[in-house]
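Data first, discussion second: the structure below is written as structure tokens.
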Amino acid sequence: MATKRLFLEFGSGNDLHGADYTKAAVRAVEDAIHHSYISLLRTLQLDPEKMEVEVVIGVQKPEKVDTSTVKATLPYGQVSVNVVNGGLDISDNQADDRVVIASAAIVVRYDLPSS
């Protein structure tokens, strides 16, 4: 059998006050998974715990994202989280505040028979 990509989903999230990169990342993942209904797994009677779920998060300060918190957002599968430089930070100098915008890509793979 060979691992094959079944789904690729995108999302975005933000933290409007407080510059919490983890909160923005979690919201981006939630946005992505709320756009998906993976009926294919049920239709083919595949175990959702066996799917490989690769999460890529883009934020301006990757080191400030708690990957275990992001990982806990996904309800199924063998999850890996990779945080890279991306997203946006929007400063509000008058309020001494910053909006953090995160992007998420979620790739779902499954070990399927080769054709």
Side-chain angles (χ1 to χ4, degrees):
M1 294 216 224
T3 302
K4 304 209 183 213
R5 183 170 74 184
L6 299 180
F7 302 98
L8 174 61
E9 192 65 63
F10 306 99
S12 64
N14 62 64
D15 182 34
L16 297 176
H17 303 287
D20 187 326
Y21 290 86
T22 299
K23 186 184 288 186
V26 165
R27 288 177 175 170
V29 169
E30 289 173 342
D31 181 51
I33 65 175
H34 287 138
H35 294 154
S36 298
Y37 176 66
I38 308 177
S39 60
L40 178 67
L41 296 176
R42 186 175 301 134
T43 301
L44 298 178
Q45 299 179 339
L46 300 173
D47 181 358
E49 290 301 331
K50 291 184 179 179
M51 64 182 175
E52 295 176 8
V53 182
E54 177 188 2
V55 179
V56 181
I57 302 290
V59 292
Q60 287 291 298
K61 296 186 179 179
E63 70 280 2
K64 293 199 172 201
V65 174
D66 179 353
T67 56
S68 61
T69 300
V70 174
K71 185 176 180 177
T73 305
L74 282 297
Y76 305 108
Q78 302 164 28
V79 180
S80 65
V81 178
N82 183 26
V83 186
V84 299
N85 195 7
L88 291 171
D89 283 0
I90 309 296
S91 294
D92 181 351
N93 295 332
Q94 290 177 320
D96 192 29
D97 202 3
R98 179 173 58 242
V99 173
V100 171
I101 303 171
S103 297
I106 300 175
V107 179
V108 175
R109 294 182 181 87
Y110 208 94
D111 197 14
L112 296 172
S114 297
S115 32

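Side-chain atoms are counted along with the backbone in the values below, which use heavy atoms only and exclude waters and symmetry mates.
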For V79, the option from T67, V55, T73 that meets side chain to side chain contact (heavy atoms under 4.5 Å, CB included): V55
CD-OH distance between Q60 and Y21, expressed to the nearest 0.5 angstrom: 7.0 Å
Chi angles and distances behind the side-chain contact (heavy atoms from CB on, under 4.5 Å) call for I106, V53: CA-CA 7 Å; I106 300 175; V53 182; 3.8 Å; yes
H17 NE2 to R98 CZ distance, which is reported to the nearest 0.5 Å: 13.5 Å
Residues clustering with I101 (ILVMFWY side chains joined when closer than 4.5 Å, directly or via others): L16, L88, I90, V99
Where I33 and P75 come nearest, the two heavy atoms and their spacing: CD1-CD, 4.4 Å
L8: hydrophobic cluster co-members (side-chain, 4.5 Å): F10, V107
Minimum-distance pair of heavy atoms, taken over all atoms of D31 and G11: OD2-CA, 3.2 Å
Minimum-distance pair of heavy atoms, taken over all atoms of A102 and A28: O-CB, 3.7 Å
Whether N85 side chain and K61 backbone form a donor-acceptor pair below 3.5 Å: no
Hphob cluster co-occupancy, V56 + V26, side-chain heavy atoms under 4.5 angstrom: no
Heavy-atom pair with the smallest gap, counting every atom of D97 and G18: OD1-N, 3.3 Å
R5 to R109 - nearest heavy-atom pair and separation: CA-CG, 3.9 Å
Euclidean distance, D111 CG relative to E52 CD, rounded to 0.5 Å: 7.5 Å
